[in-house]
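Report on the structure given below.
Quantities reported herein were computed from a predicted structural model and do not represent experimental measurements. So you know, we letter chains A, B, ... as the sequences are listed, proteins then strands, and number each from 1.
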Amino acid sequence: MPELPEVETTRAGLAPHLEGRRVAGAVLRRPDLRWPIPDAIERVLPGQRIEAVRRRAKYLLIDTAAGSALLHLGMSGSLRVLPAQLPPRTHDHVDLILEEDARSPRQVLRFNDPRRFGCLLWQPHGEVHALLRGLGPEPLSDGFDGDYLFELSRGRKAPVKTFLMDQAVVVGVGNIYAAEALFAARISPLRAAGRVSRERYTALADAVKAILGHAIARGGTTLRDFISPDGAPGYFEQELSAYGRGGEPCPRCGRALKQASIGQRATVWCGHCQR
DNA sequence: CCACACACCTGTAAGC
DNA sequence: TGCTTACAGGTGTGTG
């Protein structure tokens, strides 16, 4: 599930259920996900009041006075707020037990992740976790634009798609949205990043903002069902122009979309419209 | 500094 | 109907 819109949808869905509530405990059904789960999750977090639920890149931060729980959903992770008595299912690796309050019965924040590429870490108050250092700007921020991409890309020989997906360049552009943004900007994903003009990078940055912004807005429309057993998709397959459509006609010119592996990732593009 | 291959793990769909 | 294989939305690490 998770590209940036899915993570932002998760954040927005969780925040009203978590903010202001106290963590009563943590249940770890295994000691690790991608990395070992630190002691602080069991020893420091319980008793803390959740002040905010934030997002940086594809990381979620659950802020307390003592520090922040740092979560990443990897390829297959999901978070849900559920009644505490609901028995855990396969791959429900961690529960953060929420202290009951007047408005709700006892609930847990449950982390499910079949592939376990996700993580749950701890960032002490006042520190910035190593994983958050060296990240590029948020794609929807003012610091991300065509000029930024143009200047940073000079001399780079990697394919522009690889460049765009580099989290040190800009965060949150995963495989789906990289394909979509390059299609919208009519740039071939194979083109060397250093050989894309300033004008075309402006189109690309605009496309990234428009596509991610749209997907986040759409994800937001399903938040009402957030606690229900059905997960809320953050993107809509029928709205994708290129991703997952290799061999199908290009929505713009009708020629068959090409598919190949670029940087070990499946990539779809139109050899006619994208140069 | 940059580019690239590989690793992690499980579920699902396609192929035989 | 099985068994095998390829592939999946991410990203840190190691190599050259």
In whole angstroms, the gap separating C1' of dG10(C) from CG of Asp166(A) amounts to 13 Å
Determine yes or no for a side-chain-to-main-chain donor-acceptor pair under 3.5 angstrom, with Glu3(A) supplying the side chain and Gly174(A) the backbone.
yes
Under a 3.5 Å limit on both distances, the Watson-Crick or wobble mate of dC16(B) is dG2(C)
- [ ] Flag yes if Leu121(A) and Val23(A) sit in one hydrophobic cluster, no otherwise; membership is Ile, Leu, Val, Met, Phe, Trp, Tyr, and two members link when side-chain heavy atoms are under 4.5 Å apart.
- [x] no
Between Pro46(A) and Ala40(A), the two heavy atoms sitting closest are CD-O, 4.4 Å
Practice task
Evaluate whether atom CZ of Arg195(A) has more than 12 neighbouring non-hydrogen atoms of other residues, nucleotides or ligands under 6.0 angstrom away.
Solution key: no
ask   = Hey, are Asp95(A) and Arg29(A) close enough for a salt bridge, meaning a charged N less than 4.0 Å from a carboxylate O?
value = yes
Whole-Å distance, Leu33(A) CG to dT11(C) C1', equals 15 Å
Chain A reaches DNA chain B, atoms under 4.0 Å from its heavy atoms, from dC2(B) to dG11(B)
Quiz item: Between dC9(B) and dC3(C), how far is it from one P atom to the other, in whole Å?
Solution: 24 Å
Review point. Hey, are Glu151(A) and Arg198(A) close enough for a salt bridge, meaning a charged N less than 4.0 Å from a carboxylate O?
Key: yes
Rounded to whole Å, CE of Met75(A) lies from C1' of dG12(C) at a distance of 14 Å
Gln264(A) CD to dT15(C) P, in whole Å, measures 17 Å
note: Gln167(A), atom CD; dG10(C), atom C1'; distance rounded to Å ~ 8 Å
The correct set of residues in residues 112-121 of chain A placing a heavy atom under 4.0 Å from DNA chain C is Arg115(A), Phe117(A)
Of Tyr59(A) and Ala266(A), the one whose closest nucleotide on DNA chain C sits nearer the 5' end is Ala266(A)
Using a 3.5 Å distance criterion without hydrogens, assess whether the side chain of Arg191(A) forms a donor-acceptor pair with backbone atoms of Arg275(A). yes
With Asp63(A) as partner, the option from Arg54(A), Arg11(A), Arg55(A) fulfilling salt bridge (Lys or Arg N to Asp or Glu O under 4.0 Å) is Arg54(A)
* To do: State whether the side chain of Gln123(A) and the backbone N or O of His129(A) hold a donor-acceptor pair below 3.5 Å, judged by distance alone.
  => yes
In whole angstroms, the gap separating C1' of dG12(C) from CZ of Arg265(A) amounts to 14 Å
If you compare every side-chain N and O of Tyr177(A) against the phosphate oxygens of dG10(C) (OP1, OP2), does one of them come in below 4.0 Å?
no
Quick note, Tyr243(A) side chain, CB onward, closest among dG12(C), dT11(C), dA8(C) is dA8(C)
Rounded to whole Å, CD1 of Ile262(A) lies from P of dG10(C) at a distance of 15 Å
Worksheet item: What is the nucleic acid contact for Leu73(A), judged by heavy atoms within less than 4.0 Å: base, sugar-phosphate only, or nothing?
Response: nothing
